[in-house]
Amino acid sequence: MSFFYHIPPSAAPIYEKDIYNCVRGFLGVEDYIYKFRKELEEYFQTRNVYLVSSGKAALTVILQALYRVAGDTHKDEVIIPAYTCYSVPASIIKAGLKVRLCDIDENTLDFNYSLLPDTLSERTLAVIPCSLFGILSDIERLHDIVQGKGILIIDDAAQAMGVSINGMLAGTRGDVGIFSLDRGKNFTTVEGGIIMTNRTDIADEIEKILSKTGRYSKLRQLVILLKATIFSQILRPFLYWIPANFPGLGVGGTFYSTHYVIRNMSNTQAGLAWNWRANLTRFNLARKENTEYYYRELSGFNNINCLKSGPEATYHRFPFYLDGGKKLDMNRLKLLGMSQRYPDSIDNIPELQYKNRNNYPVASSVPKRLFCLPTHIKFKKSFRLKLIQQLKEIGMN
Ligand SMILES: Cc1ncc(COP(=O)(O)O)c(C=O)c1O
């Protein structure tokens with residue numbers, strides 16, 4: 001494996017026909033925003049769908065809307081798992097609210113629900129379960145815990161689009177839900193976010209906020225079109241090493257930042273979603289198939305512990321724990337698409353200046369032990385074999 005051959009850790013391919021529709025969207029030949037919204041409403045059986053510039057933008061707008069719906073200035077805290085994507089706390093701060101953490105269950109990466117009741121208070125506005133890696137959070141249990149307390153649930157399905165449990169699709173199980181359409185998510189519009197809710201009061205506030213929110217200029221839409229064209233080529237391992245090694249591109253990195261602009265999604269991005277249902281179904285099938293493969297292959301490794309959600313899950317990336325103090329040469333394994341995320345628990349993000357630090361033993365132990373394998377459709381069988389072979393060679397079984 002050479003430096004010039006790098007398999008992406010996660011990916012959602014963009015095809016030539018997607019680019020063609022992206023161009024049509026850019027030229028305004030068809031109203032793709034209308035089409036995309038209608039299709040999402042139908043697929044998710046949701047009355048209100050809104051399209052914005054990113055998952056963080058979606059979360060920020062939702063939180064601003066929920067604060068208004070609650071109508072109580074004291075309700076300014078949002079509870080999230082102490083181990084999750086850094087965009088989640090960033091969205092809370094961007095919305096002018098406060099982050100409150102709850103430790104996690106290492107088997108699910110979801111909240112530790114036995115600790116959650118003590119985290120709630122009169123100030124709790126909302127709780128955000130994050131369904132990390134596509135492992136769906138136990139939102140039914142969460143409903144029972146918050147019932148009657150005036151606390152809202154945001155079903156963050158950024159990593160779980162198209163995944164369902166007990167006949168309910170991720171993103172539709174709370175008061176309001178989000179998806180991210182960033183590169184490498186379940187499917188992509190280069191950047192983008194979806195908000196969905198059946199609650200009229202929340203929808204009304206979101207609409208008011210979005211009516212005052214900016215749009216993409218033609219120049220920015222052109223940049224999206226160019227990026228889509230580049231991404232449609234760059235997922236090939238003999239090209240992917242280029243973005244993977246340009247620090248400025250932020251590919252694969254996890255950064256905390258509240259410096260992002262919230263926009264309404266453009267018709268150019270929505271053009272990329274012209275065939276989203278068929279693409280999402282195919283991409284998720286590949287994820288499921290790879291997940292099943294890893295469960296089979298990794299069951300024989302002594303130091304590897306898979307999560308408890310089982311081979312029927314649709315992992316966005318396949319997470320596992322490496323126990324027994326083994327040191328890995330990540331530089332080598334990275335080239336095969338293996339990754340580590342996230343770098344630290346949320347209380348340890350320096351910019352957040354979280355007061356109650358080091359109180360989340362499980363969340364702070366996870367980043368050192370958790371590794372992820374690719375599950376995306378571009379991850380060929382020969383890559384999988386090579387990766388398992390390498391894991392064997394470094395003596396993990
Ligand atoms: C759980 C979760 N929520 C929110 C987001 C934010 O989405 P975006 O990157 O589109 O801003 C992400 C992104 O990775 C995520 O993983």
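In this text, all values refer to a predicted model and were calculated from it rather than measured experimentally. Atoms within each ligand, like the ligands themselves, are counted from 1 in listed order.
Residue contacts with ligand 1 for K56 involve both N, CA, C or O and side-chain atoms from C-beta outward (heavy atoms, distance under 4.0 Å). Only the side chain of V88 comes within 4.0 Å of ligand 1, counting heavy atoms alone; its backbone N, CA, C and O stay farther away.
Remark: ligand 1 and S180 share an N or O pair separated by less than 3.5 Å (distance only, no angle test). Of the polar atoms of L59, none of the N or O atoms is found under 3.5 Å from an N or O of ligand 1, judged by distance alone.
Nearest to atom 12 (C) of ligand 1 among the protein's heavy atoms is C85 SG, 3.5 Å. Of the protein's heavy atoms, G55 N, 3.4 Å lies nearest to atom 8 (P) of ligand 1. Among protein heavy atoms, the minimum distance from atom 4 (C) of ligand 1 is reached at D156 OD2, 3.5 Å. Protein heavy atom nearest atom 16 (O) of ligand 1, with residue, atom name and distance: Q159 NE2, 2.7 Å.
The aromatic rings of F283 and Y15 sit tilted relative to each other, their planes meeting at an angle between 30° and 60°. Between F44 and F179, the ring-plane angle classifies as tilted under the 30° and 60° cut-offs.
For the 3.5 Å distance criterion, the side chains of Y216 and Q269 qualify, holding a donor opposite an acceptor. Between the side chains of Y256 and Y342, no donor-acceptor pair is found at a separation under 3.5 Å.
In this structure, K368 NZ and D323 CG are separated by 12.5 Å, a value rounded to the nearest 0.5 Å.
S137 places a side-chain heavy atom less than 4.5 Å from the side chain of S131.
Not counting sequence neighbours, the partners of S339 by the side chain to side chain donor-acceptor pair (under 3.5 Å) test are R317.
Ligand 1 has K185 within reach: a non-hydrogen atom of the residue lies less than 4.0 Å from it.
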